[in-house]
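Data block below; observations after.
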Amino acid sequence: MSFKKKLKNYFTLDDEYEYEYAEEEQKEEIPQTKEKMAAGKNVVNLSSIQNTNSKVVLAEPRNYNEAQDIADNIVNRRAVIINLQRVDHQQAKRIVDFLSGTVYAVKGDIQKLGSETFLCTPDNVEVSGSISEMLYEQQDYDKGW
């Protein structure tokens, strides 16, 4: 109760004034209650929630210069499947090394799916299951992966 209301209540004993003051007090308490609720732990600001649309990008680079575009997708929290069949072996190794650093920086993961196919995922994507390594083990050995 405000100081002004206390003074009026002290000098007046009319029930009509007390009723009006009681209504005014209730109106003033409502905004305070909303502020208290907003400060609570269970209230979430909807604008703070990020859009959770997931996207998988397929990439088939032809040279090392395209590695930056692939890395940008990973940094933007998109999973990327990379096919390295069109790149010579030395450039493919450089691309994988570059993307490994990018994935590490975003606390993601890089997995080999096939002999020349990799999956790079940021931390918001979880991959479960595995692909049998027996299918491409001999091919990788022959290429020096």
Side-chain angles (χ1 to χ4, degrees), residues 1-10 16-145:
M1 208 171 176
S2 70
F3 181 72
K4 182 179 174 183
K5 290 180 183 178
K6 287 181 182 178
L7 282 176
K8 285 185 180 180
N9 283 340
Y10 182 75
E16 183 179 4
Y17 287 124
E18 289 178 18
Y19 179 74
E20 287 177 15
Y21 295 136
E23 284 182 354
E24 287 178 14
E25 285 177 20
Q26 288 177 352
K27 288 179 184 177
E28 288 179 5
E29 288 178 10
I30 292 172
Q32 292 173 356
T33 306
K34 286 182 181 177
E35 289 173 5
K36 288 179 185 176
M37 286 176 50
K41 293 180 182 177
N42 294 333
V43 178
V44 177
N45 186 358
L46 292 178
S47 63
S48 69
I49 298 175
Q50 295 181 355
N51 191 356
T52 58
N53 289 340
S54 296
K55 192 175 194 179
V56 177
V57 177
L58 302 175
E60 193 170 20
R62 295 175 190 243
N63 55 37
Y64 179 76
N65 296 333
E66 296 178 28
Q68 180 64 45
D69 296 332
I70 298 168
D72 289 340
N73 283 310
I74 297 167
V75 170
N76 290 327
R77 302 177 64 87
R78 294 185 193 113
V80 181
I81 297 175
I82 302 127
N83 181 4
L84 297 172
Q85 290 179 347
R86 294 189 178 195
V87 181
D88 70 64
H89 185 68
Q90 291 302 319
Q91 285 192 8
K93 280 185 171 183
R94 291 180 62 204
I95 290 171
V96 170
D97 288 343
F98 181 78
L99 295 176
S100 295
T102 304
V103 167
Y104 178 78
V106 297
K107 297 182 175 122
D109 189 25
I110 186 167
Q111 295 181 0
K112 190 172 192 176
L113 300 178
S115 63
E116 296 177 354
T117 308
F118 292 86
L119 172 63
C120 297
T121 55
D123 63 342
N124 66 325
V125 177
E126 182 180 337
V127 178
S128 61
S130 63
I131 296 175
S132 176
E133 293 182 16
M134 291 174 36
L135 297 174
Y136 57 87
E137 218 170 53
Q138 184 60 37
Q139 292 175 351
D140 291 346
Y141 180 76
D142 293 340
K143 292 188 178 187
W145 284 96

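Val103 and Asp109 get closest at one heavy-atom pair: CG1-N, 3.0 Å. The two residues Ala71 and Leu99 have their closest heavy-atom pair at N-CD2, 3.9 Å. What you find for Pro61 and Val87 is that their closest heavy atoms are O-CG2, 2.8 Å. When all heavy atoms of Phe98 and Gln68 are compared, the closest pair comes out as CZ-OE1, 3.5 Å.
The CG atom of Asn124 sits 13.5 Å away from atom NZ of Lys107, with the distance rounded to the nearest 0.5 Å. Taking CG of Asn63 as the start and CG of Asp88 as the end, the distance is 9.5 Å to the nearest 0.5 Å. Separation of atoms CZ (Phe118) and CD1 (Ile81) is listed at 13.0 Å; rounding is to 0.5 Å. Note that the OG atom of Ser115 and the CG atom of Asn83 stand 8.5 Å from one another [nearest 0.5 Å]. In this structure, Arg86 CZ and Glu60 CD are separated by 4.0 Å, a value rounded to the nearest 0.5 Å. We find the NZ-CG distance between Lys55 and Asn73 to be 7.5 Å, quoted to the nearest 0.5 Å.
Here the side chain of Gln111 pairs no donor or acceptor atom with the backbone of Leu119 at under 3.5 angstrom.
Among Ile110, Val57, Thr102, the one residue that satisfies the side chain to side chain contact (heavy atoms under 4.5 Å, CB included) test with Ile74 is Thr102.
At least one side-chain heavy atom of Arg77 sits under 4.5 Å from a side-chain heavy atom of Asp123.
In this view, Asp97 satisfies the side chain to side chain contact (heavy atoms under 4.5 Å, CB included) rule with no residue, not counting sequence neighbours.
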